[in-house]
Amino acid sequence: MADSYNFSEIEERIAKLWRDEDIYRYDPKSKKEVYSIDTPPPTVSGLIHVGHVMSYSQMDFIARYKRMKGYNVFYPFGFDNNGLPTEILVEKTHNITAEKLGRERFIALVESETKKFMDMYKEVWQKVGIAVDWSLAYSTIGKDAQRISQLSFIKLCKMDRTYRKETPTIWCPKEKTAVSQMELKDKVLKSRFINIKFSKEITIATTRPELLPACVAIFVNPDDKKNAKLVGKKVRVPLFGQEVTVMADRRVDPEKGTGVVMCCTFGDLTDIDWYRAYNLPLKIIIDESGAIIHGDYKGMKIKDARSKVIEALKAEGLVTGEKEIEHNVNVHERCNTEIEFLVKKQWYVRYLDLKEKFLDAGKKIKWHPEFMKVRYDNWVNGLQWDWAISRQRFYGIPFPVWYCEKCGETMLAEEGSLPVNPLNQKPGKKCKCGSDRFVPEGDVMDTWATSSTTPLLNAKWDGERYDKRIYPMSLRPQAHDIITFWLFTSVVKGYFHTGLVPWKDAFIAGHALDPKGQPMHKSAGNIIEARGAIEKNGADQVRYWASVSKLGEDASFQDKDIKTGHKLAVKMWNVANFVQMNMGDPTRAAKATNIIDKWILSKAMMAVENATARFDEYDFTGAARAASEFFWYFCDNYLEFIKHRTYKGDKTAADTLSAVFLMTLKMFAPFVPYVTDEIYQRLYRKTEKSVSIHVSEWPEYNGKMFDKKSFELGERIANTIIFIRQWKHNNQMALNGELAQVEVEGLTEGLDEIAGAMNIKKVTKGKGDLTVPGTEIKLAIKK
RNA sequence: GGGCCUGUCGUCCAACGGUCAAGACGCUAGCCUUACACGCUUGAGACAGGGGUUCGACUCCCUUCAGGCCCACCA
C-alpha cells in the first residue's frame with residue numbers, strides 16, 4: 001500500500017463494498033442472539049446537521065460493536081414524516097395547504113415529496129456509515145405505521161382506556177385551524193392594562209375586557225394580605241351581569257395589576273388550568289374565525305369588541321385606571337396571529353391511574369447515563385392530565401372511528417380493515433340502533449401516538465402477537481429532549497399492549513453545539529450541515545468527533561477533534577504500511593517468546609479488556625480512549641523497540657506486530673469504520689476470511705497472551721529504553737545516534753532489547769548513577 | 001418558581017476517596033530516525049469561591065457564584 005491516505009477515495013470504495021456485500025442485513029433465521037435497536041426516526045424537515053451525525057454515530061458505535069461481538073443486530077431505520085415540520089415543509093415547497101388539498105391527497109403528496117428527502121437522508125446516513133439494514137426502513141406516515149397506530153387506538157378503546165371529552169384547544173382564528181404548542185412563538189405586543197371596577201372592594205386588571213361575558217370566576221392569591229379577605233365573595237360582572245365567585249389560587253401574583261384576576265373561558269393557558277382544576281362553567285363567546293358570538297357584540301372581531309366594551313365601561317364610570325404595557329403573547333408562528341382557545345371534543349387515553357406502573361417501568365429500564373431517569377420520574381410524577389391524542393388538523397393519521405348519526409354511538413373500524421380513512425370509507429356494518437348513517441371522525445392523531453409505537457412496529461405487532469426475538473428491544477437510543485415525549489409514550493404503549501417495558505436499555509445522547517458552545521439554530525445561522533462537513537473532513541473524522549464526548553453530554557463541534565481524528569487515520573495508515581512490510585501470522589502471536597512481544601501482547605490484552613468492559617456499559621468514549629491510548633503507545637514504543645529485529649527479518653516480531661495491530665484496528669472499527677476496513681481488506685481479509693472487519697470478531701481476551709510477570713518486566717525494560725531516549729535528547733544526540741556503552745544496575749533481562757532499540761554498542765550489567773523514574777533501575781551511560 | 005446537568009492547563013476534555021492531576025489542539029525547544037515531518041522527542045501550562053466529612057477530597061456533603069437543559073409561569 002504505497003499510496004497515501006485519501007479518505008474520499010477510501011470511503012467511496014468501502015461504502016460500495018458494504019452495499020455490495022449487504023453486511024448489515026438482519027437475518028431472521030440466524031441462531032445468533034438478537035440485539036435490537038429502536039432507532040429514532042429523524043424528522044423529515046429538509047436538514048441534516050452535524051448534531052444528527054453525532055447522535056446517530058453514537059448509537060452506531062454500539063450497533064457495530066454488538067455486531068462484532070457476534071449478535072444478530074436488528075438495526076432498522078425510520079423516517080418521521082408524520083410530524084408538523086414535514087407538513088410545513090411540503091406546504092411551503094408546493095405553496096398549498098393541507099386543508100385545501102384534503103387528507104388523502106396531502107398524505108400522498110407528502111409521501112412522494114418526502115421520498116426525495118428520504119433518498120437524500122439515506123445517502124447522507126450511508127456516507128456517515130450508519131450500519132443499518134435499509135431493508136427494514138419504515139416511515140411514520142406509511143401504511144404500517146397507520147395500521148399499527150389505528151390498531152393501538154382500537155385496542156385501547158376495547159380496553160376501556162379511551163374517552164372523548166370537550167376540552168380547550170389552541171386555535172388560530174386566521175387560518176381556522178388547531179395549532180399545537182410547538183407552533184407557538186412569543187411576540188411582544190403593546191396592549192392596554194385596564195382596571196375595571198366590579199364592586200366597591202373588587203377591581204380587576206385585564207388586557208382582555210372583551211372577555212367579560214366569558215368571565216366565570218375571580219382569583220386572588222391566598223397569601224395576599226390585601227385581597228385574601230375577598231375569597232368566597234360573590235360579585236356581578238359589569239355590563240353582563242353574571243354572578244361569579246372569588247376564589248384563591250397561588251398562581252395569582254399579588255404584585256401584578258390589582259392582584260385580582262378574572263378567569264374567562266378562555267383568555268390564556270392559566271384560564272384553562274383553572275377551568276379544569278376548579279370545574280368552572282364554560283362560556284364560549286368566540287367562534288372559529290375569532291368573532292364574538294355573544295349578545296350586542298355578535299359578529300364583531302375581537303379587537304373591535306374590545307374598544308366597544310371599554311367605551312361602555314367608561315360610560316358607566318367603571319374604568320378606574322388604564323396603563324400602556326408591553327407583554328408577551330402567544331402567536332401562531334406561521335401567520336403571527338394571536339391565538340385563541342376554543343373548546344373541541346378530544347380523544348384521551350386514560351392513564352393517570354397508572355403512574356406507579358410507569359414509575360416501575362422506569363426502574364426496569366437501564367438508563368445510560370443514569371441521571372436521565374430522574375427526568376423521566378419527574379415527568380411521570382408531575383402528570384396532571386390524561387393523554388390527549390387527537391388533533392384538529394388535516395394532516396396525520398386518522399382515527400378509525402365513525403359516530404352514528406342517529407344514536408351517537410361510536411363505531412370502531414374492523415381490526416382487519418386497517419388502515420382506514422373514515423372520511424371516505426364507511427364502517428361496513430350497521431349501528432346497534434339499526435342506522436347505517438354515520439358521521440366520520442375528522443381528527444387526526446397526535447404524532448406521539450404514532451411514534452410511541454415504533455417498538456411494536458419493529459416487532460411486527462398484530463394486536464396480539466409480536467416477534468419475541470426483537471421485542472422487548474435491546475436498546476432505545478435517543479436524545480434527552482424527548483424523554484417526556486417519545487420515551488414516555490412508548491412506555492405507555494408497551495405497557496398497554498404487551499405488559500412489558502419496550503426495551504432493556506435506554507441510551508440518551510446529548511446535543512451538538514457549534515464551535516463556540518452555542519446550540520445550533522436555524523435562526524442563529526450557526527448550523528453546520530452534515531454533508532459538507534463529511535465531504536470536507538471525511539466521515540471517519542466526523543465520527544471520531546462524536547466519540548470524544550461522553551454519552552449524554554452536549555458536545556461542541558471542534559475543529560481540533562476532527563483534526564485528531566484525521567491524525568489517527570493517517571497514523572493507522574502509516575502503521576499499516578509498516579506492518580505490510582513486516583507481515584506475519586497473527587495466529588502465531590500467542591506463541592511469542594521474546595520479552596518485548598510478550599509485554600506488548602499483555603498490554604494489548606489489558607486494552608482489549610478495558611475497551612470491552614467500557615463498551616458493555618455503553619461508555620463508547622471510554623472504549624475509544626482505551627483504544628487510542630494503547631495505539632499511540634504501541635506506535636511510539638513497541639514499533640521502535642522491534643525495528644532492530646524486523647530489519648534482521650525476525651518473523652516472531654512480525655507475528656506479534658500483525659496480531660496486535662489487528663486487535664487495534666478492530667477496537668477502532670466501530671468508530672472509524674472506513675479506514676479500518678480499508679486496511680483490513682488490504683492486510684487481513686485473506687487470512688481472517690471475513691468480507692469486512694465489521695462482520696469479523698471483536699478481539700477476545702486471551703489468557704495465553706497475558707502474562708503478569710512478562711508485563712511487569714516489560715514495563716521496566718520499556719521505561720529504561722524511554723529513559724535512555726530522553727537522555728539522548730537532553731544530550732543533543734539524534735535519537736538513533738549510537739551510544740558506546742550503558743551499564744545497567746537492577747535489571748538483568750532484556751539487555752539485548754535495550755541495546756537493539758537504542759543503538760547501543762554494549763549493554764552490560766554493572767553500576768549506575770542515573771535512576772530510571774518509578775523504578776530501582778540505575779544506569780551509567782557513555783556516549 | 002421546581003427539577004436536572006456542568007464548572008479542571010489559553011481551548012476541548014479525562015481521572016475506583018490514595019503516585020508528580022492524564023490526553024488532545026495550540027504554544028516552546030530539538031530532531032529530515034529505512035511506517036509516518038499529516039511525524040518523533042522535549043518544555044511550560046489547570047482542579048470557580050467558601051465551608052464541612054475523612055488519616056487523606058478533583059472525587060462525597062452543604063453553600064455561594066457562573067453557564068446550560070427540561071418543566072411550570074407570562075392576567
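All chains are named by letter (A, B, ...) in the order of the sequence lines, taking the proteins before the strands, and each is independently numbered beginning at 1. Just the heavy atoms: all of them, side chains too, but no hydrogens, waters or symmetry mates, feed the values below.
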Scan [X] against the nucleic acid and name what it touches under 4.0 Å (heavy atoms): base, sugar-phosphate only, or nothing.
X	answer
A:His480	sugar-phosphate
A:Lys563	sugar-phosphate
A:Met733	nothing
A:Asp271	nothing
A:Gln732	nothing
A:Cys263	nothing
A:Asn736	sugar-phosphate
A:Phe219	nothing
A:Val579	nothing
A:Ile204	nothing

Just checking, is any N or O donor in the side chain of [X] or [Y] under 3.5 Å from an acceptor N or O on the other one?
X	Y	result
A:Asn574	A:Tyr5	no
A:Ser556	A:Gln558	yes
A:Arg543	A:Gln541	no

Whether A:Tyr647 stacks on the six-membered ring of B:U34 base, 5.5 Å and 30° limits: yes
Ring-face cation of A:Lys603 near A:Tyr633 (centre distance under 6.0 Å, axis angle within 45°): yes
Using whole Å, report how far [atom1] of [X] lies from [atom2] of [N].
X	N	atom1	atom2	answer
A:His729	B:U42	NE2	C1'	4 Å
A:Asp481	B:G3	CG	P	22 Å
A:Glu640	B:U34	CD	P	10 Å
A:Arg625	B:A15	CZ	P	6 Å
A:Lys571	B:A37	NZ	C1'	11 Å
A:Leu657	B:C36	CG	P	14 Å
A:Phe631	B:G23	CZ	P	18 Å

If we call it a pair only when both distances are under 3.5 Å in a Watson-Crick or G-U wobble match, what pairs with [N]?
N	answer
B:A48	B:U64
B:C38	none
B:G10	B:C25

Geometric class of the A:Phe358/A:Phe488 ring pair [parallel <30°, tilted 30-60°, perpendicular >60°]: perpendicular
